[in-house]
Q: 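Right, I'll just put the structure down here and ask away after.
Residue numbering restarts at 1 for every chain, and letters A, B, ... go by the order of the sequence lines. Treat the numbers as computed from the prediction; the structure is a model and nothing was measured.
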There are 2 protein chains.
Amino acid sequence: MAEPAHRGEALLYLTDEQLRQGIEAMFFAYRGFTADPDRILDELNHDRAQNYGRAHHRAIHFIHCAPGTTVNNLLGMLGVTKQSLNRVLRTLIEDGLVESRVGRTDRRERHLYLTDEGRALEQRLSDAQRARMRAAYREAGPEAVAGFRTVLEAMMDPEMRRHYRALREVRP
Amino acid sequence: MAEPAHRGEALLYLTDEQLRQGIEAMFFAYRGFTADPDRILDELNHDRAQNYGRAHHRAIHFIHCAPGTTVNNLLGMLGVTKQSLNRVLRTLIEDGLVESRVGRTDRRERHLYLTDEGRALEQRLSDAQRARMRAAYREAGPEAVAGFRTVLEAMMDPEMRRHYRALREVRP
DNA sequence: CTTGGAATGTCAACAAGGCTGACTTAAACT
DNA sequence: AGTTTAAGTCAGCCTTGTTGACATTCCAAG
């Protein structure tokens, strides 16, 4: 920790006004963050019965990142109820984007995997999202990016931070 | 732009894996970002007819930050349809949290203000949100915070960035 | 003065995606 | 054998987003 030598100056970034700016930045940035996948899904939705939205994107994203994850684990990452997730998951399985395999050691569990088609959609969505992220990272530079990640991690609830880090460990 | 002297090292932070981590960090952090106001509203909702949610919080936040803003301007900031905003705004006005005054120069416009009661709720919600933000900022340090804000701003859609900066100019 | 357009408000209908509660099935643990 | 756990399902509710249609009010240009 940096010693608070000149208190007034050193803690300037902790004023209510600075915090408010951070809050607004989070809000506006998050809209950008979701804008591209949202748009792609909207376009694709014309030939589907059940429209896909952010919930489907999130499920696909995390199944891609943690292949073979159980439903319970996915529930923890997404932070929704199983009924909510199940509705999404069912359509993804029906449409052949996700495969659900019975567990080998514990046959109550279902392990989730993307099919080729699911992987293709995941790719398309995350390509768009990464493109925006890449542009922002490039513009901001490596030090800013490090700070960005540090602050975000500090903002998480402990349980979410666990999930966040668990993903890093499996796939470093 | 920094010259790509050692390409492999200099652009390490732009790998797909790094970008994915950033994406997940955004997702998990945003949940924390909204968790405290959500919880407070849930508790308060027991004695209300129409429950308040994030949409109400957002409306109150921006009316607080830009008192006297018109409905149209608020629409632009929030990025929703007027019907959607209207539903929220109507309940806030009915419940006496927001006041809508007819414009002086252009009497078609409505200018929005928080009442004392509205300000009290805004205070309560944003106190909680700022507390988390403050903790994260303190933990991360001033340089990280600067980077955080830089990246977030770079992630915004141009129109959102306009709104973001407009708030800074009025209230620097 | 009239008329077109802009800002606002309102009604109806619909969908996504959260939630709770109740209940079943199957498997594993004790 | 009985309990707990993982998953799935059904029904119903709410918020919050959407579209489309339409009324009102008022400014401003013709």
Side-chain angles (χ1 to χ4, degrees), chain A residues 27 30-31 34-35 37-39 41-46 48-60 63 68-94 98-112, chain B residues 27 30-31 34-35 37-39 41-46 48-60 68-95 98-112:
Chain A
F27 171 70
Y30 199 78
R31 309 204 86 238
T34 57
D38 281 357
R39 197 169 333 104
L41 286 172
D42 274 359
E43 284 160 19
L44 259 61
N45 278 335
H46 292 296
R48 234 193 299 270
Q50 167 96 6
N51 283 7
Y52 288 180
R54 265 179 225 181
H56 299 80
H57 178 203
R58 288 197 288 261
I60 288 176
I63 294 172
T69 184
T70 64
V71 172
N72 244 356
N73 188 33
L74 196 54
L75 281 180
M77 286 197 271
L78 295 172
V80 297
T81 59
K82 70 174 172 180
Q83 293 93 329
S84 209
L85 174 59
N86 202 257
R87 181 169 33 199
V88 164
L89 224 40
R90 187 166 42 206
T91 69
L92 289 173
I93 292 170
E94 274 170 14
V98 167
E99 195 191 345
S100 161
R101 295 186 208 149
V102 174
R104 292 164 57 106
T105 61
D106 186 338
R107 295 177 50 203
R108 287 171 305 180
E109 294 179 339
R110 302 298 137 88
H111 297 271
L112 302 169
Chain B
F27 171 70
Y30 199 79
R31 310 204 84 238
T34 57
D38 280 358
R39 197 169 332 106
L41 286 172
D42 274 358
E43 285 162 16
L44 260 57
N45 277 335
H46 293 294
R48 235 193 298 272
Q50 167 96 7
N51 284 7
Y52 288 180
R54 265 179 225 181
H56 299 81
H57 178 200
R58 288 197 287 263
I60 287 176
T69 184
T70 64
V71 172
N72 241 0
N73 188 34
L74 198 52
L75 281 180
M77 286 195 270
L78 295 171
V80 298
T81 58
K82 68 176 171 175
Q83 293 92 329
S84 206
L85 175 58
N86 202 257
R87 180 170 33 200
V88 164
L89 227 38
R90 188 168 41 211
T91 69
L92 289 174
I93 292 171
E94 273 169 13
D95 296 349
V98 168
E99 196 191 345
S100 162
R101 297 187 207 150
V102 174
R104 290 165 58 106
T105 61
D106 185 339
R107 294 177 52 199
R108 288 168 302 181
E109 294 178 340
R110 302 298 139 91
H111 298 270
L112 302 169

Q: Distance criterion of 3.5 Å, no angle test: do you see the side chain of A/R87 paired donor-to-acceptor with the base of D/dG8?
A: no
Q: Check whether any side-chain nitrogen or oxygen of A/T81 sits under 4.0 Å from OP1 or OP2 of C/dC19, and answer yes or no.
A: yes
Q: Could you tell me which non-hydrogen atom of A/S100 sits nearest to which non-hydrogen atom of A/R110, and how far apart they are?
A: OG-CB, 3.6 Å
Q: Look at B/R58 and D/dG17 and indicate whether a side-chain polar atom (N or O) is within less than 4.0 Å of OP1 or OP2.
A: yes
Q: Less than 3.5 Å between a donor and an acceptor, one on the side chain of A/Q83 and one on the base of D/dG12, is that the case here?
A: no
Q: So, does B/H56 get its side chain near the phosphate of D/dT15, meaning an N or O under 4.0 Å from OP1 or OP2?
A: no
Q: Let me know the distance between CG of B/L85 and P of C/dC11, rounded to the nearest Å.
A: 16 Å
Q: Rounded to whole Å, please give me the gap between CG in A/L92 and C1' in C/dG17.
A: 13 Å
Q: C/dT8, OP1 or OP2 - any side-chain N/O from B/N86 closer than 4.0 Å?
A: no
Q: Distance check needed: C/dT8 P versus B/K82 NZ, whole Å only.
A: 9 Å
Q: With a 4.0 Å cut-off on heavy atoms, is A/T105 in touch with a base, just the backbone sugar-phosphate, or nothing at all?
A: sugar-phosphate
Q: Can you check the B/N73 CG to C/dA6 C1' distance for me, whole Å?
A: 16 Å
Q: From CG of A/N51 over to P of D/dT16, roughly how many Å is that when rounded to an integer?
A: 21 Å
Q: What are the two closest non-hydrogen atoms of A/A59 and A/V88, and how far apart are they?
A: CB-CG1, 4.2 Å
Q: Look at the side chain of A/R108 and the base of D/dT5, then say whether one donor and one acceptor between them are separated by less than 3.5 Å.
A: yes
Q: Take a 6.0 Å sphere around CZ of B/R48 and say whether it holds more than 12 heavy atoms from other residues, nucleotides or ligands.
A: yes
Q: List the atom of A/P37, the atom of A/T34, and the distance in Å for their closest heavy-atom pair.
A: CD-O, 3.5 Å
Q: Can you check the A/D106 CG to C/dC29 P distance for me, whole Å?
A: 6 Å
Q: If you assign each of A/R90 and A/E109 to its closest nucleotide in DNA chain D, which residue comes earlier from the 5' end?
A: A/E109
Q: To check you understand the geometry: which heavy-atom pair defines the closest contact between A/Y52 and A/T91, and what is its length?
A: OH-O, 3.7 Å
Q: May I ask you to verify if any side-chain N or O of A/N72 is less than 4.0 angstrom from the OP1 or OP2 atom of D/dA7?
A: yes
Q: In whole angstrom, what separates A/I93's CD1 from D/dT9's C1'?
A: 13 Å
Q: Nearest whole angstrom, please: distance from the C1' of D/dT18 to the CG of A/L41.
A: 16 Å
Q: Among the candidates C/dT8, D/dT16, D/dA7, find the nucleotide nearest to the side-chain atoms of B/R110.
A: C/dT8
